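These notes are about the structure you will find just below.
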Amino acid sequence: MTEAGQLQRKDILGLEELSRQEIELILQTAQSMTEVLQRTIKQVPTLRGRTVLNLFYEPSTRTKGSFDLACKYMSCGTISVSKASSSLVKGESLRDTVRNIEVMGPEAIIMRHPSPGAPHYLARMVSSSVINAGDGAHEHPTQGLLDLLTIQQHKGGFEGLEVAIIGDILHSRVARSDIWGLNKLGARVTVCGPASLLPPVMDQFDCRVTTDVEEAVRGVDVIYVLRVQSERQQQSFFPSLREYHRLYGIDVRRLALADSDALLMHPGPMNRGIEITTDVADGPQSVILQQVPNGVAVRMALLYLLLGGG
Amino acid sequence: MDRILIKDGQVIDPASDRSGIMDVLLEGDTVAAIGESLSVEGAKIIDADGCAVAPGFIDLHVHLREPGQEYKEDIASGTRAAARGGFTSVVAMPNTDPVIDDETGVRFVNDTAQRDGVVVVYPAGAITKGQKGEELAEMAIMAEAGACVFSDDGLPVARASVMQNALQYSSMLGIPLSVHEEIPSLKGEGVVNRGRVSTATGLPGISSAAESAMIARDIELLRLFGGHLHIAHVSTSRSVVLIEQAKSEGLNISCEVTPHHLTLTEDLVRETQFDTCTKVNPPLRTEDDRMALVKALREGTIDAVATDHAPHSVDDKDKEYMFADFGISGLETAFALLHDRLVLTGEVTLERLVESLTIGPADTFNLPGGTLSEGQPADICIFKTDEEWAVNPDRFASRGHNTPLVGWSLTGRVMTVLVGGKVILKDGELTC
């Protein structure tokens, strides 16, 4: 990091590769962006004249909208290419798509892609900054950072904090980014889900693993509920959404096992009545709706730290 | 008749237990004599002082891609890659386009190899028509045309009843089935080993049971229905245990292992930040698996080293990890990699390594060569054990530059290769 507090890196590919200091700088910058978001006129001229390319190989409403807003508030131009648009369905390779767009000179490329490692591949190919907006089940660093920001706002810090992540850990990029980030900041993570949705060799992450949801949430400071995808039931990972809800759904009774000030979080979109019940999702401990504007703030912060200054 | 005298080399011929500084006399296309200080009038001399002289290496498993995928490799380029690696005979896998599943296909590979090839090519025929796993291919007719093994490699024989019939039917012919052991539904979308790396990267994993469970099935079929079961590219410690047990019961089973599974692990996927040249099937496994494979090679449970040379074009590999093709271009680095990583570290002796590249594979598929005794084919590999070189795919003879070893410095280099008494590689460079 320089004196000016810029990130000394070209890309944001995952929380695994960020240091604690870098994460703290991003969170601090994002916190100041939340103040910008409180203003009536939210647009600042910081990145005027800069251009960002949004490249979405998977459908996304929330993340793409959040990046779009972040770009708009920072006054940078955007080009969007998504799966539905022509070149991607015509079978053009990622390499060719990106080379064609890169000659137009975007300063950053934001990419969501179904293959883990695709942003790493892209980052090697281009001189622009690359921000990973989700690569398969690997990482979703901006989600991880907005989750950290939300926790920090409520809990002040992370040292000694107990966090339980509940659900489909195996297929979750959110879980992976959250675990890396929380571990680096000193929180203790427990992951919990049906055994068929827990990845092997979790010891490398330094987190507790259990299939018992009540054990997982007892006394914790944060319950983080993951979205369950119904296609996993068709793929025989679990028998039914009803049974999933019975074993892992977070409701009033299970929330009550956590610390009385515990936060309830979810990356959205929620399946109400399955992984989470409406009364707790909309209840006083839920910070789910605060995660969303924090997402805009985190993305503004990253654009600023990668593209700002110079 | 042309006479060549290879002088003063360190002969390593595990089949005959010969070892020491000796001369090898070749007459025409056969070995005429081996002994100390031979002197022969009028023979052309190859000075092998400071080099090891071994039988030409034999590779039971290469993909030459011809017919149909010549943009990846063809018989001309693939056999030159073989020569660069010290291999004088290769078994060409039949998963080409079209699949080699009939007499015409086998003859095409033979004829093309005669015309364009620089090493001996043994065609493999498919087990099932089109490698679809449904109907048996014409094994007897393909055997007559020169197929030395049958394989649906690239794919398992998924249906147990088809595998049962294939074992029974091939047992009449005395020809092995080389099988790619994998339960399709356990592989699924998998691209790396299921374990530490799939968990950290989110890449879909292929569990070791995808391989070992299929091996267990086929051992049970072999026990009841006969035939010769050859397990291609063994990659897991459990596979080794099952094969070892089957061997101890006297079942007709053999197996091969690749240089990459003996020397690399899944960790390379992360260390290289998703280099698609680490994407190979079966996937690179754990260090425990690797150690079990090395031990099994050392102790003889594994019969042969085979490269599974799988050349691909730049476009097939220069893409996202999930979408890249599986495979490593392995012929030109095999010996050096194994020598550097296993022999120099003391994990395997040089003699055992040479054995697993020569008489081991020859005996496994009942092929000529693999030893330097009189009357044997004049197929020779002369290499240096102290020469260091850096892997540079731009210099490969193979069209497939897909190796995860780019820039690696390896000690051990193939210098001179003769096939049928003809020099095809000299000082590490092709002469043909």
Side-chain angles (χ1 to χ4, degrees), chain A residues 11 13-17 55 57-58 91-99 111-125 130 132 134-140 168-177 179-180 191 197-207 209 235-237, chain B residues 183-210 236 238 265-279 283-289 312-326 402 404 406:
Chain A
D11 312 299
L13 303 178
L15 291 195
E16 180 183 0
E17 61 180 24
L55 194 54
Y57 282 83
E58 273 182 351
E92 185 176 55
S93 70
L94 173 59
R95 184 169 46 147
D96 285 339
T97 301
V98 167
R99 283 190 177 158
M111 184 170 75
R112 167 164 295 183
H113 196 286
S115 177
H120 304 69
Y121 169 68
L122 175 62
R124 283 195 289 268
M125 221 172 0
V130 172
N132 180 7
D135 60 330
H138 181 218
E139 283 229 40
H140 192 351
D168 179 358
I169 312 294
L170 182 64
H171 300 99
S172 177
R173 53 190 170 214
V174 176
R176 284 174 178 80
S177 286
I179 293 168
W180 287 120
V191 297
L197 289 172
L198 293 174
V201 206
M202 281 299 283
D203 58 345
Q204 60 189 311
F205 284 115
D206 188 27
C207 57
V209 182
Q235 292 164 348
S236 77
F237 284 101
Chain B
I183 292 181
S185 65
L186 289 181
K187 173 168 178 284
E189 299 287 300
V191 292
V192 295
N193 183 47
R194 181 180 184 276
R196 164 179 295 276
V197 171
S198 65
T199 291
T201 61
L203 288 167
I206 305 173
S207 79
S208 60
T236 82
R238 280 296 305 161
T265 67
E266 57 176 353
D267 294 326
L268 198 61
V269 178
R270 283 179 89 189
E271 286 161 20
T272 61
Q273 293 267 301
F274 301 90
D275 177 2
T276 57
C277 287
T278 63
K279 182 176 172 181
L284 299 176
R285 302 283 189 185
T286 67
E287 177 65 9
D288 284 349
D289 291 310
H312 290 294
S313 75
V314 172
D315 291 334
D316 297 331
K317 279 291 193 182
D318 188 7
K319 50 171 70 171
E320 301 92 316
Y321 205 93
M322 289 297 292
F323 305 155
D325 283 353
F326 287 98
N402 47 306
V406 178

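Not measured: the values here are computed from a predicted model. Letters A, B, ... mirror the listed sequences (proteins, then strands); counts begin at 1.
- A:Leu122 contributes atom CG, which lies 9.0 Å from atom CD of B:Glu320 (distance to the nearest 0.5 angstrom).
- Ring geometry for A:His138 against B:Phe274 counts as perpendicular: the plane angle is over 60°, on a 0 to 90° scale with 30° as the lower cut.
- Looking at A:Glu139, there are no atoms closer than 4.5 Å to chain B (heavy atoms on both sides), in backbone or side chain.
- Residue with the most contacts toward chain A among B:Gly188, B:Gly195, B:Pro204: B:Gly195 (heavy-atom pairs, distance under 4.5 Å).
- Outside the 6.0 Å centre-distance limit, the rings of A:His113 and B:Tyr321 are not counted as a close aromatic pair.
- Here the CG atom belonging to A:Asp135 is positioned 11.5 Å from the CE atom belonging to B:Met322, to the nearest 0.5 angstrom.
- A heavy-atom distance below 4.5 Å is not found between the side chains of B:Thr276 and A:Tyr121.
- Between the side chain of B:Thr199 and the main chain of A:Met202, no donor-acceptor pair closer than 3.5 Å is present.
- Heavy-atom distances place the backbone of B:Thr272, and not its side chain, under 4.5 Å from chain A.
- Chain B forms the most heavy-atom pairs under 4.5 Å with one residue out of A:Gln204, A:Met125, A:His120, and that residue is A:Gln204.
- Residue A:His171 does not touch chain B at all, counting heavy-atom pairs closer than 4.5 Å.
- Looking only at heavy-atom pairs under 4.5 Å with chain B, the residue among A:Ala118, A:Ser93, A:Ser115 that has the most is A:Ser115.
- The closest side-chain heavy-atom distance from A:Arg95 to B:Asp315 is below 4.5 Å.
- With a threshold of 4.5 angstrom between heavy atoms, A:Arg176 approaches chain B through side-chain atoms but not through N, CA, C or O.
- Summarising the geometry of A:Leu198 relative to B:Arg194, their closest heavy-atom pair is O-NH2, 4.3 Å, with the distance given to 0.1 Å.
- Atom-to-atom distance recorded for B:Asp275:CG and A:Arg124:CZ is 6.5 Å, nearest 0.5 angstrom.
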